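Input: a single structure, listed below in structure tokens.
Just so it is clear, the structure is predicted and the values come from calculations on it, not from any experiment.
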Amino acid sequence: MRSDRVTKGVQQAPHRSLFNALGMTQEELDRPLVGVVSSYNEIVPGHMNLDKITEAVKMGVAMAGGTPVMVPAIAVCDGIAMGHVGMKYSLVTRDLIADSTEALAMAHQFDALVMIPNCDKNVPGLLMAAARINVPTIFVSGGPMLAGRVKGDRTSLSSMFEAVGAYAAGTITEEDLCEFENKACPTCGSCSGMYTANSMNCLTEALGMGLKGNGTIPAVYSARLQLAKHAGMQVMELLKQDIRPRDIITEKAILNALTVDMALGCSTNSMLHLPAIAHEIGMDFEIHFANEISAKTPNLCHLAPAGHTYIEDLNGAGGVYAVMNELNKKGLLNTDCMTVTGKTVGENIEGCINTDPEVIRPIDHPYSETGGIAVLKGNLAPDGSVVKRSAVVPEMLVHEGPARIFESDEAATEAIKTGKIHPGDVIVIRYEGPKGGPGMREMLNPTSAITGYGLGSSVALITDGRFSGASRGAAIGHVSPEAAVGGPIALIEEGDIIKINIPELKLELDVPEEELKARREKWQPRKPEITTGYLARYAAMVSSGNRGAILEVPWKN
């Protein structure tokens, strides 16, 4: 056992004295030490119940003969961080979480790990850490929030943000807005639509790192506590069989996750996180090959914000395994991949029936024959850009219009709310990329304002930043190269015509190459706004969005 290095032998007597100080008994030290990495805190609604999940996991570990030891991981609530400087600190926590978990696990020589995440960045951050540390590991999330209800309709966080725009546009009253505020997010859990947190928790199942229901059993269901106990027990079985993350997170498993992503219509943020997870196993994940997967993978789900069904509905319809079983009818999955159940993907999904074809479309009756995400390229995004195709209204799949240039999220949102944006416009928000932000902020405020002002079927938005999973519409993010490094998005001028063709996977700036060359010669990098602390270090090391905004090791470049 790895933990023998801190619990066994004469030289480890000082180590044992410190375990004694923790109140541990010799019987506990004779068992495998299992790190229970809990993201519990009192600021993120998706994490406020993780203390109970953690205790259930610890019970499961102990019942199966291990010694559970809780250690912490941080998390940011993207909704609370939205629309101000705090959002610069969201994506960057993914790497802090991976680094700090690696440090905790290696310093204390845990034999196995149970990861307990729930929200946007700590799910991929802990998956990255699991691949690095590579001791037997299992995931169990805190579960999704139940949908809210306003005036008889089910709602979610995206409804709340859009209600702010509707109020500013004068289409709902202050009383209506207050009702949304009080009812849109009614329980603990990760926000109830197919936003980033739920996307990544579902993809954790698809990767094989979580048990059935990890992504879909609601946070308030007792079945979530039972799942946590089973995860605690199962990690001991993984330790016994020596099944490790890199036995599970393989290139085939990553492709499975990408395929399920397309079928579910996940958040575009998955196109940052899957490349980053792949990077940890040495896989070069170029986002453009997502189109190859999308071309053959039908979109089977229209969960909020793309439609009017929620994660609780997906759970009732059979969950992620039912979606995977549908996909397997056309041979779209690698079914021989190992999983934390100790069985293969094929064995796991056998007999997992889709019980609600209104929530999970049958494979022969999809919402579309192509997947939920598309990667667009062209002279405006030579290295790619990303759009959630399944959340774009049909009339905006092909669009062209004049560029309206903004250097920040706040400036664009203000222009929308003051009536300066008109049907046909293409809003451009730049210098919000991984380096330029720094931190690649989400753009939920402007996308929600576009919808709230009734412009969702006539206005597009492109950015080198990114979007919340709660965003919908013709919102194209991750434009690479980003403005901060002189990408073409930095060269756009007010009124330039931008052409968007999602079916043809194109994003073009209708400006002659000679003119772009002249503009490029005159372009000067912007002086960084933040020059100290973690964000400055992050900006110096981070790659562009098309490569997952990973932190580069300088001497390997």
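Asp464 has no carboxylate O lying under 4.0 Å from a charged side-chain N of Arg430, or vice versa, which leaves the two without a salt bridge. In summary, Arg441 and Glu410 engage in a salt bridge, as defined by a charged side-chain N under 4.0 Å from a carboxylate O. Salt bridge absent: Arg94 and Asp120 never bring a charged side-chain N and a carboxylate O closer than 4.0 Å. Residues Lys506 and Glu504 are paired through a salt bridge, judged by an N-O separation under 4.0 Å between the basic side chain and the carboxylate. Between Lys88 and Asp409 no salt bridge is recorded (no basic side-chain N to carboxylate O distance below 4.0 Å). Salt bridge annotation for Glu515-Arg519: present, with a cationic side-chain nitrogen under 4.0 angstrom from a carboxylate oxygen. Classification of Lys420 and Asp425 as a salt-bridged pair fails, no side-chain N sitting under 4.0 Å from a carboxylate O.
Under the salt bridge (charged side-chain N to carboxylate O under 4.0 Å, His left out) criterion, no residue pair touches residues 533-543, with sequence neighbours excluded.
Remark: the Thr413 side chain and the Asn445 side chain contain no N/O donor-acceptor pair separated by less than 3.5 Å. In the model, Glu442 has a side-chain atom that pairs as donor or acceptor with a side-chain atom of Asn269 under 3.5 Å. Side-chain contact, Thr171 with Tyr453: no donor N or O sits under 3.5 Å from an acceptor N or O. Counted by atom type alone, Arg154 and Thr309 present zero donor-acceptor pairs between their side chains at under 3.5 Å.
In this structure Phe289 satisfies the ring-ring contact (aromatic ring centres under 6.0 Å, His included) test together with Phe285, sequence neighbours excluded. Evaluation of the side chain to side chain donor-acceptor pair (under 3.5 Å) rule for Ser190 yields Asn198 as partners, not counting sequence neighbours. For Asp176, the side chain to side chain donor-acceptor pair (under 3.5 Å) partners two or more places apart in sequence, or in a different chain, are Lys151, Thr173. For Tyr89, there are no ring-ring contact (aromatic ring centres under 6.0 Å, His included) partners two or more places apart in sequence or in a different chain. For the ring-ring contact (aromatic ring centres under 6.0 Å, His included) test, no residue two or more places apart in sequence or in another chain qualifies with His399.
Taking 4.5 Å as the limit, every side-chain heavy atom of Ser468 sits out of range of all side-chain heavy atoms of Met443. Counting only heavy atoms from C-beta outward, the side chains of Val426 and Leu461 never approach each other to under 4.5 Å. Using a 4.5 Å heavy-atom cutoff, the side chains of Met128 and Leu126 are not in contact.
Between His302 and Tyr367, the distance from one ring center to the other falls under 6.0 angstrom.
If you run side-chain contact (heavy atoms from CB on, under 4.5 Å) between His478 and each of Asp383, Asn546, Leu272, Thr463, only Leu272 comes through. With respect to Asp261, the side-chain contact (heavy atoms from CB on, under 4.5 Å) criterion is satisfied by exactly one of Ser267, Ser270, Cys202: Ser270.
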